[in-house]
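Have a look at the structure below before the remarks.
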Amino acid sequence: MPAEPTLVPLVGTPDVDVVVVGAGPAGATAALRLAGRGLDVALIERAETPGAKNLSGGVLYLDALVRAVGEAWREAPLERVVTRNVTTLLTSDASVSLDYGDQTLASSGTGGAPNAATVLRARLDPWLAGQAEAAGAFLMPGMLVESLALAEDPAVPGGRRVVGVVAGGQVMRARAVVLADGVNSFLARGAGLRPTPRPHQLAVGVKAVLGLDPALVEARFGVPEGEGAAHALVGDATLGVAGGAFLYTNQDSLSLGVVLRLDALTESGRSAREVFGHVLTHPGLQRYVADAEVLEYGSHLVAEGGIGMVGTVAWPGCVVVGDAAGLTLNSGLVLRGMDLAITSGLVAGDVVADAVAAEDPARVLAYQAALSASPAYRDLATHAGMTGLLRAPRTVRAVGRGRARRAPFDVPHRRRRRGPAAGLAAPGAAVAEPTRVARRRAPDLEVGVTSGTEPEATRGPALNVLLGSTAFDAATPHIDTSAMDPRSPETQAVIAVCPASVYRVARSRTTGEEYVAADEAGCLECGACLVVSSGGLRWEYPASGGVRFRQG
Ligand SMILES: Cc1cc2nc3c(=O)[nH]c(=O)nc-3n(C[C@H](O)[C@H](O)[C@H](O)COP(=O)(O)OP(=O)(O)OC[C@H]3O[C@@H](n4cnc5c(N)ncnc54)[C@H](O)[C@@H]3O)c2cc1C
Ligand code: SF4
């Protein structure tokens with residue numbers, strides 16, 4: 001839930017020059033730049049280790065990283081250099097691909113770096129935070145920032161400024177705060193600095209990392225050692241729900257996932273879990289993923305609002321970077337957020353360092369213009385029209401199997417349908433005719449459906465198998481469903497978007513009344529349920545423990 005700000009007196013000695021909240025790519029880069037400019041920086045991260053709460057599809061466009069760390073990019077934990085970009089259009093039983101292989105991509109980036117490489121966040125984020133530490137930043141992991149500390153200051157525009165943060169019940173004062181707390185960004189919203197994003201501005205990403213021998217990765221994707229492929233999957237991949245899917249190669253694993261816009265998902269009558277199971281067992285993908293072992297299942301929100309979501313990103317004493325500022329670019333085939341996060345961290349680092357040197361908290365307002373002039377913002381502006389295009393019903397219908405009965409393109413090699421997909425379809429798993437699933441709408445809620453018990457037609461490994469691959473530490477309570485009406489559209493929406501089937505409608509043995517139950521232990525902490533809730537659900541990050549991604 002958005003965190004109410006804490007009002008504190010204006011006068012007080014700063015504990016540090018700058019507090020950076022969040023050690024993802026945006027925060028770690030801002031801390032790196034600020035520490036490099038000689039400032040005293042605290043980099044606060046709620047996960048016990050940077051990256052342990054983070055997940056992305058995994059293609060990092062390297063230009064921003066090279067600008068941030070220079071030659072040290074050579075030591076970055078990159079999985080595979082992307083030299084093959086493939087766009088695949090899927091129907092239920094056939095596929096056609098546009099395959100662009102280009103060896104020059106291995107060295108065509110800034111300073112001879114590759115254009116792009118795949119990454120896993122559990123490895124990239126600690127490394128980037130380590131760069132910030134090496135520059136002098138003080139990393140404080142395992143600490144949840146609870147709210148922003150504000151003070152009345154008639155000398156600044158608006159009469160209030162951010163003077164620090166509250167963590168562990170203590171105020172930590174700073175000359176400036178950089179908010180890099182990711183797509184949910186409860187701190188800025190709680191302080192009234194940023195609006196609450198609407199479901200059409202956010203998508204839920206559901207991803208599995210699938211272990212596969214490196215030799216098999218190379219043989220199946222047609223790449224030499226060290227190089228890899230990025231497949232963008234459209235059409236039947238998302239069962240007609242607006243969004244997309246991806247399949248990327250890592251060193252000894254694959255990243256396979258779907259990105260589903262929350263408004264479209266709740267309107268579709270499908271569930272996130274169902275769409276993910278569909279792509280995981282899709283016949284058109286089995287030649288890549290067969291016999292791969294699920295190493296981790298996870299979920300995270302994606303900012304989808306494009307440039308229209310960015311808005312105001314600077315206030316006296318505080319700037320917002322990365323996903324927290326809505327800086328994600330979805331062109332339909334390419335999803336970029338990590339490099340935009342790094343770029344915004346660099347820009348913010350320079351502006352904030354200047355403001356601290358000038359002892360002028362209002363000077364951080366210059367970040368708004370500096371960000372607008374950055375390559376990250378220019379790319380967002382170039383793709384400004386994509387958000388509307390991706391939302392247009394005709395676009396969705398054109399590629400969506402749920403609504404269009406005929407393939408929208410000619411399929412040159414139509415394969416005969418061959419029963420249940422091998423590989424990732426668990427033994428005995430139901431592989432039902434998906435159009436029947438399409439008609440199964442949420443209003444028919446089953447009373448007493450428990451987490452881990454799924455609709456018969458959900459394909460692929462059972463949820464307890466998927467969640468069993470993910471690490472969870474005992475979490476402090478963080479979900480309250482007591483105000484939810486079990487028969488409301490809100491409950492239907494919350495159940496549909498949750499990729500971990502945390503919510504279920506149960507009946508009390510004593511009173512016989514229905515209620516909404518939540519199995520907190522399997523929560524992947526994506527926050528999708530809160531976005532589609534109309535106010536009955538109370539959900540916040542656990543103060544400690546919870547999911548711990550080992551791949552990301
Ligand atoms: C399924 C999926 C696929 C994606 N694919 C790609 C891709 O291929 N390429 C690409 O470039 N981008 C991709 N993205 C987007 C990319 O992951 C994000 O844009 C990027 O991670 C944003 O970085 P960030 O530092 O702004 O936020 P995050 O990486 O989310 O980091 C925020 C950090 O803040 C911490 N935090 C949050 N609140 C608090 C608090 N109150 N106190 C302390 N710490 C806090 C979090 O634990 C986290 O470490 C994808 C995203 C998803 C979900
Ligand atoms: S309960 Fe909410 S935050 Fe947790 S996995 Fe489900 S949708 Fe995501």
Side-chain angles (χ1 to χ4, degrees), residues 3 20-30 43-47 49-61 64 116 118-119 121 124-125 128-129 140-147 165 167 179-187 203-207 230 232 244-246 248 255 257-260 272-273 298-303 320-330 334-342 344-345 451 467 478-479 494-503 518-520 522-533 537 539-541 546-547 552:
V20 179
V21 184
T29 307
L43 175 58
I44 306 181
E45 168 56 48
R46 74 184 186 93
T49 312
K53 300 286 184 188
N54 299 343
L55 174 157
S56 71
V59 174
L60 171 63
Y61 293 87
T118 49
V119 294
R121 297 294 297 275
L124 178 74
D125 290 18
L128 202 46
M140 301 174 74
M143 181 176 281
L144 178 76
V145 172
E146 289 139 21
S147 67
V165 299
L179 282 182
D181 54 339
V183 62
N184 287 309
S185 193
F186 294 138
L187 300 172
V204 61
V206 188
K207 171 187 168 182
F246 57 87
Y248 302 149
S255 291
V258 291
V259 175
L260 307 168
R273 168 75 190 94
S299 175
H300 202 282
L301 285 185
V302 182
V320 185
V321 293
D323 270 12
L327 290 168
T328 304
L329 193 164
N330 186 354
V334 170
L335 178 55
R336 282 173 51 194
M338 290 183 284
D339 64 311
L340 275 61
I342 291 171
S344 63
S451 178
L467 288 176
H478 65 289
I479 303 178
V494 162
I495 289 176
V497 301
C498 178
S501 299
V502 162
Y503 302 98
D519 183 1
E520 292 189 293
C523 175
L524 298 161
E525 296 174 35
C526 63
C529 51
L530 190 60
V531 179
V532 300
S533 158
L537 174 68
W539 185 96
E540 58 195 12
Y541 291 133
V547 71

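Each ligand, and each atom within it, is numbered from 1 in the order the structure gives.
When atom types are taken as modelled, the side chain of N184 and the backbone of C526 share a donor-acceptor pair closer than 3.5 angstrom.
Not a single heavy atom of L60 sits under 4.0 Å from any atom of ligand 1. At least one heavy atom of M143 sits closer than 4.0 Å to an atom of ligand 1. Contact annotation: Y541 has at least one heavy atom less than 4.0 Å from an atom of ligand 1. Residue contacts with ligand 1: Y248 is included, with a non-hydrogen atom under 4.0 Å away. At a 4.0 Å cut-off, at least one heavy atom of A180 sits close enough to ligand 1 to count as contact. Close to ligand 1: R336, with a non-hydrogen atom less than 4.0 angstrom away. Within the structure, the closest approach of L301 to ligand 1 falls below 4.0 Å when heavy atoms are considered.
Near G182, meaning under 4.0 Å from one of its heavy atoms, ligand 1 places the atoms 27 (O), 30 (O), 32 (C). Counting the atoms of ligand 1 from 1 in the order shown, those under 4.0 Å from a heavy atom of V302 are 51 (C), 52 (C), 53 (C). Taking a cut-off of under 4.0 Å to the non-hydrogen atoms of V59, the atoms of ligand 1 that pass are 7 (C), 8 (O), 9 (N), 10 (C), 11 (O). Atoms of ligand 1 found under 4.0 Å from any heavy atom of V21 (numbered from 1 in listed order, with element): 40 (C), 42 (N), 43 (C). Atoms of ligand 1 lying under 4.0 Å from at least one heavy atom of G205, given by number and element, are 1 (C). Which parts of ligand 1 touch G322 is read off a 4.0 Å heavy-atom cut-off, strictly below it: atoms 26 (O).
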Step by step, work out the side-chain contact (heavy atoms from CB on, under 4.5 Å) result for V183 and V302. CA-CA 7 Å; V183 62; V302 182; over 6 Å; no

Quick one: do L329 and V334 satisfy side-chain contact (heavy atoms from CB on, under 4.5 Å)? Show the steps, please. CA-CA 8 Å; L329 193 164; V334 170; 5.9 Å; no

Decide yes or no on side-chain contact (heavy atoms from CB on, under 4.5 Å) for L327 and V321, but give the supporting numbers first. CA-CA 8 Å; L327 290 168; V321 293; 5.7 Å; no

Would V145 and L187 satisfy side-chain contact (heavy atoms from CB on, under 4.5 Å), going step by step from the backbone distance to the final call? CA-CA 8 Å; V145 172; L187 300 172; 3.7 Å; yes

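What sits closest to atom 3 (S) of ligand 2 on the protein, heavy atoms only, is G527 N, 3.1 Å. Looking only at protein heavy atoms, the nearest one to atom 42 (N) of ligand 1 is V145 N, 2.9 Å. Closest to atom 38 (N) of ligand 1, if we only count protein heavy atoms, is D181 CB, 3.5 Å. Ranking the protein heavy atoms by distance from atom 26 (O) of ligand 1 puts D323 N, 2.8 Å first. Ranking protein heavy atoms by distance to atom 12 (N) of ligand 1, first place goes to G337 N, 3.1 Å. Protein heavy atom nearest atom 31 (O) of ligand 1, with residue, atom name and distance: G24 CA, 3.5 Å. For atom 44 (N) of ligand 1, the closest non-hydrogen atom on the protein side is R46 N, 3.0 Å. Nearest protein heavy-atom contact of atom 3 (C) of ligand 1 is G57 N, 2.7 Å. The shortest contact between atom 7 (C) of ligand 1 and any protein heavy atom is with L335 O, 3.2 Å.
Using a 4.5 Å heavy-atom cutoff, the side chains of M338 and R121 are in contact. Side-chain contact between V204 and S299 is present, with heavy atoms from C-beta onward closer than 4.5 Å. The shortest distance between side-chain heavy atoms of L524 and L467 falls below 4.5 Å. Side-chain contact between T328 and L335 is present, with heavy atoms from C-beta onward closer than 4.5 Å. Side-chain contact between S533 and W539 is absent, with no heavy atoms from C-beta onward closer than 4.5 Å.
Scanning all heavy atoms of the two residues, the minimum distance from A180 to V20 falls at CB-CG1, 4.5 Å. Between T118 and Y248, the shortest heavy-atom distance links the atoms CG2-CB, 4.0 Å. Residues P25 and A341 come closest through the heavy atom pair CB-CB, 4.2 Å. A pairwise comparison of heavy atoms in L260 and A272 identifies CD1-CA, 4.0 Å as the closest pair. Across all non-hydrogen atoms, the minimal contact from G22 to L43 is O-CD1, 3.5 Å. C523 and V547 make their closest contact through O-CB, 3.9 Å (heavy atoms, listed as atom of the first residue, atom of the second, distance).
For ligand 1, the polar-atom distance check finds no N/O of D125 at less than 3.5 Å from any of the ligand's N/O atoms. Inclusion of V321 in the set of residues having an N or O under 3.5 Å from an N or O of ligand 1 is not warranted. Considering backbone and side-chain atoms alike, E45 places an N or O below 3.5 Å from some N or O of ligand 1. Taking any N or O of R121, backbone or side chain, at least one lies under 3.5 Å from an N or O belonging to ligand 1. No N or O atom of G27 sits closer than 3.5 Å to an N or O atom of ligand 1. Between V259 and ligand 1, not a single N/O pair is under 3.5 Å apart. The shortest N or O to N or O distance between L327 and ligand 1 is not below 3.5 Å. An N or O contact shorter than 3.5 Å is missing between L144 and ligand 1 by distance.
Atom CG of L144 is separated from atom NE2 of H478 by 11.5 Å, given to the nearest 0.5 angstrom. Rounded to the nearest 0.5 Å, atoms CZ (R336) and CG (L60) are 10.0 Å apart. Note: S501 OG to I495 CD1 = 9.0 Å, rounded to the nearest 0.5 Å. Distance CD/E525 to CD/E520: 10.5 Å, rounded to 0.5 Å. Within the model, atoms OG1 of T29 and CG of L128 stand 4.5 Å from one another, a figure rounded to the nearest 0.5 Å.
Around atom 51 (C) of ligand 1, the closest heavy atom drawn from S56, A232, G244 belongs to S56. Comparing G345, P25, A245, A203 against atom 23 (O) of ligand 1, the shortest heavy-atom distance belongs to P25. Across A26, G326, A303, A167, heavy-atom proximity to atom 25 (O) of ligand 1 is greatest for A26.
For atom 6 (Fe) of ligand 2, protein N/O/S neighbours under 2.8 Å (waters excluded) are C498 SG.
Residues meeting the ring-ring contact (aromatic ring centres under 6.0 Å, His included) test with F186, sequence neighbours left out: Y541.
Residue M338 touches ligand 1 through backbone and side chain together, judged by heavy-atom distances below 4.0 Å.
D323 and S185 share no side-chain donor-acceptor pair at under 3.5 Å.
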